[in-house]
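Heads up: the structure comes next, in structure tokens.
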There are 2 protein chains.
Amino acid sequence: MTSKPNVRQPSHVACRDCSLSSLCLPLALSIKDIDQLDHIIKRGRPLKKGEHLFLEGDPFTSVFAVRSGALKTYTATNEGEEQITGFYLPSEILGLSGMDTDTYPVSAQAMETTMICEIPFEQLETLSDQFPELRRHLMRLMSKRIREDQQMMMLLSKKNADERIATFLINLASRFRRRGFSSQSFRLSMSRNEMGNYLGLAVETVSRVFTRFQKNGLISAVGKEIEIRNSVKLCALAGGKTLEPNPIATNA
Amino acid sequence: MTSKPNVRQPSHVACRDCSLSSLCLPLALSIKDIDQLDHIIKRGRPLKKGEHLFLEGDPFTSVFAVRSGALKTYTATNEGEEQITGFYLPSEILGLSGMDTDTYPVSAQAMETTMICEIPFEQLETLSDQFPELRRHLMRLMSKRIREDQQMMMLLSKKNADERIATFLINLASRFRRRGFSSQSFRLSMSRNEMGNYLGLAVETVSRVFTRFQKNGLISAVGKEIEIRNSVKLCALAGGKTLEPNPIATNA
DNA sequence: TGACGTCATTGAGAGGCCTCAAAGTCGTAT
DNA sequence: ATACGACTTTGAGGCCTCTCAATGACGTCA
């Protein structure tokens, strides 16, 4: 399993050679201009499971793109519990919500081994001055995030446990598909507990819904491995269309 | 009640003469540059209660600032019910969530007689090219909105009915105060039904909580008139600090 | 001013989800 | 390989909020 000649070290892949460039920030730039973005990006060592990318209260300096792996963001409730605010898959951008403060309003933690591209915000703003398209893309990302958060608010205030979990699974599936992975079977990077926390449900409820979904032939779940067996019914439960109420994913 | 000599017609107040300028978009501009913003703003006739500013699906053309009155934004759930996504008070900006689509993702409706400043988005973008501060302010507004939506998600997934309503009242109070109104007593522009819809509660629950709050001396409510009688306890219920989990309000 | 419709309040009952508890499974590290 | 801890599953019971229903208050318009 040593590296083969034609396989670059992942931590050195340039934007122009990155398979995610069409989903990530570079999509706002022409081939020629991508290298400019590339130059300001810092690529650190991989984060191990449980390591933090930044902590709530840390000074806001950068936004981040996920290259591989998965992260969650969370904040502390008044009672000191953890409240998960989002899950982030490869090509998704996090850190934008800190932009109008001097500190990050949430903590970001790796749920598995994760590689990250760091984009120092000051330099990103400078680059935005040069490339209006990049600026508009950043705005679109934030606008999209607002709409997705509103979908999430609707989920939390109107949907029952079954519908919440169906929505969550369909959303994950569609994000996997867009990244070229199977939307039929995939591996959850979060625990049942984290899923429940995010969806406003107790762990036990999540577990019971999973069991029920399996009895009804909607899914098959072995540990974190999920297979969607009846996507039509699952989508119906989720509320019709293939929703995507969570992080920032792709372009329009 | 005819207009007095020194009172301009409200629909003609320029940004530089507007009492809200320090809370609204102009705060990003110097006195000298405000007039440039002023020139692109359209000031239409007042909206009567129940009238729509825009409908979900309308082509996205402008963002709006509330001059007086109050609006709500809402979207339709899959079952065709209304889901309120925000309430907007004077100086607050709405319409930003449509920015990355060609249509508004929500409808906006006046809850009372309301005056609006319309800012055509194309011209706002052009102006943004000239004034980086304006651009950054727009970004900050969106970033702030994301954080507030996340507060709202926390409310919906972790708080009980008492805490939700306490949070809502404290949030409204702090927004009134910032606008120079009393934060102790004010008039709700929304019905109990709308409040419940927004907070993920049934009307009856809202009503019962109001009754209980009055028995406990936290507030006094006569119809839509609210008086906060024990702001300390109410803040404690809301979860400590004076939160503001809703629309876009002011600067840092 | 009276009548109507909308909104708010109050009560009774039911249901969904949470909490508590315990057993079972998985992953990991020694 | 084994033992430990973390995670998952399942059960029983209770509570909070919703639903349904009816009465009461308010505001509006003829």
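Only a predicted model underlies this, so the values are computations on that prediction, with no experimental measurement involved. The figures that follow rest on heavy atoms only: side chains count, while hydrogens, waters and symmetry mates do not. Just so we're on the same page: letters track the sequence lines, and every chain starts at 1.
At the heavy-atom level, A:Ser191 lies under 4.0 Å from the strands shown only through sugar-phosphate atoms. Across all strands, B:Lys49 comes closer than 4.0 Å to no nucleic acid atom at all (heavy-atom distances). Residue contacts for A:Gly200: at a heavy-atom cut-off of 4.0 Å it reaches the sugar-phosphate backbone alone, with no base atom in range.
Residue-to-nucleotide proximity on DNA chain D shows that, of A:Asn193 and B:Ala202, the 5′-proximal contact is made by A:Asn193. A residue-by-residue look at A:Thr205 and A:Gly223 shows that A:Thr205 has its nearest nucleotide of DNA chain C further toward the 5' end.
Close to C:dT10, at under 4.0 Å from its OP1 or OP2, lies a side-chain N or O of B:Thr211.
Crowding of A:Lys158 atom NZ: a count of heavy atoms from other residues, nucleotides or ligands under 6.0 Å exceeding 12.
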side-chain contact (heavy atoms from CB on, under 4.5 Å) between B:Leu188 and B:Leu172, intermediate numbers included: CA-CA 9 Å; B:Leu188 299 172; B:Leu172 266 188; 3.5 Å; yes

Derivation and outcome, ring pair (Phe, Tyr, Trp, His ring centres under 6.0 Å), residues A:Phe186 and A:Phe181: CA-CA 8 Å; A:Phe186 48 85; A:Phe181 298 110; over 10 Å; no

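A salt bridge links B:Arg179 to B:Glu92: at least one charged side-chain nitrogen sits closer than 4.0 Å to a carboxylate oxygen. Under the 4.0 Å criterion applied to side-chain N and carboxylate O atoms, A:Glu112 and A:Arg187 are not assigned as salt-bridge partners.
Each of C:dC17, D:dC18, C:dT9 was ranked by its minimum atom distance to the side chain of B:Leu201; first place goes to D:dC18. In this structure, of C:dT19, D:dT9, C:dA8, it is D:dT9 that holds the atom nearest to the side chain of A:Val203. Nearest to the side-chain atoms of A:Lys224 among the listed nucleotides C:dT10, C:dC18, D:dC7 stands D:dC7. The nucleotide whose nearest atom lies closest to any side-chain atom of B:Ser207 is, among C:dT19, D:dA21, C:dA8, C:dA8. Of the candidates D:dG11, C:dC17, D:dC20, the closest approach to any side-chain atom of A:Ala161 belongs to C:dC17.
Interface remark: the A:Arg208 side chain does form a donor-acceptor pair with the C:dT19 base, using a distance-only criterion of under 3.5 Å. Side-chain N/O atoms of B:Glu194 and base N/O atoms of C:dC7 include no donor-acceptor pair closer than 3.5 Å.
Atom CD in B:Glu79 sits about 16 Å away from atom P in D:dC18, given to the nearest Å. Spacing between atom CD of B:Glu112 and atom P of D:dT28 amounts to 13 Å, rounded to whole angstrom units. Between A:Glu204 atom CD and C:dA22 atom P there is a gap of 14 Å when expressed in whole angstrom units. A straight line from NZ of B:Lys158 to C1' of C:dC18 spans 12 Å, rounded to a whole angstrom. In this entry the distance linking CD of B:Gln214 with P of C:dT9 reads 8 Å, nearest Å. Distance A:Arg192 CZ to C:dT25 P: 15 Å, rounded to the nearest Å. Atom CG of A:Leu199 and atom P of C:dC17 are 12 Å apart (whole Å). Spacing between atom CG of B:Leu156 and atom P of D:dT17 amounts to 13 Å, rounded to whole angstrom units.
A centroid separation of less than 6.0 Å is found between the aromatic rings of B:Phe64 and B:Phe54.
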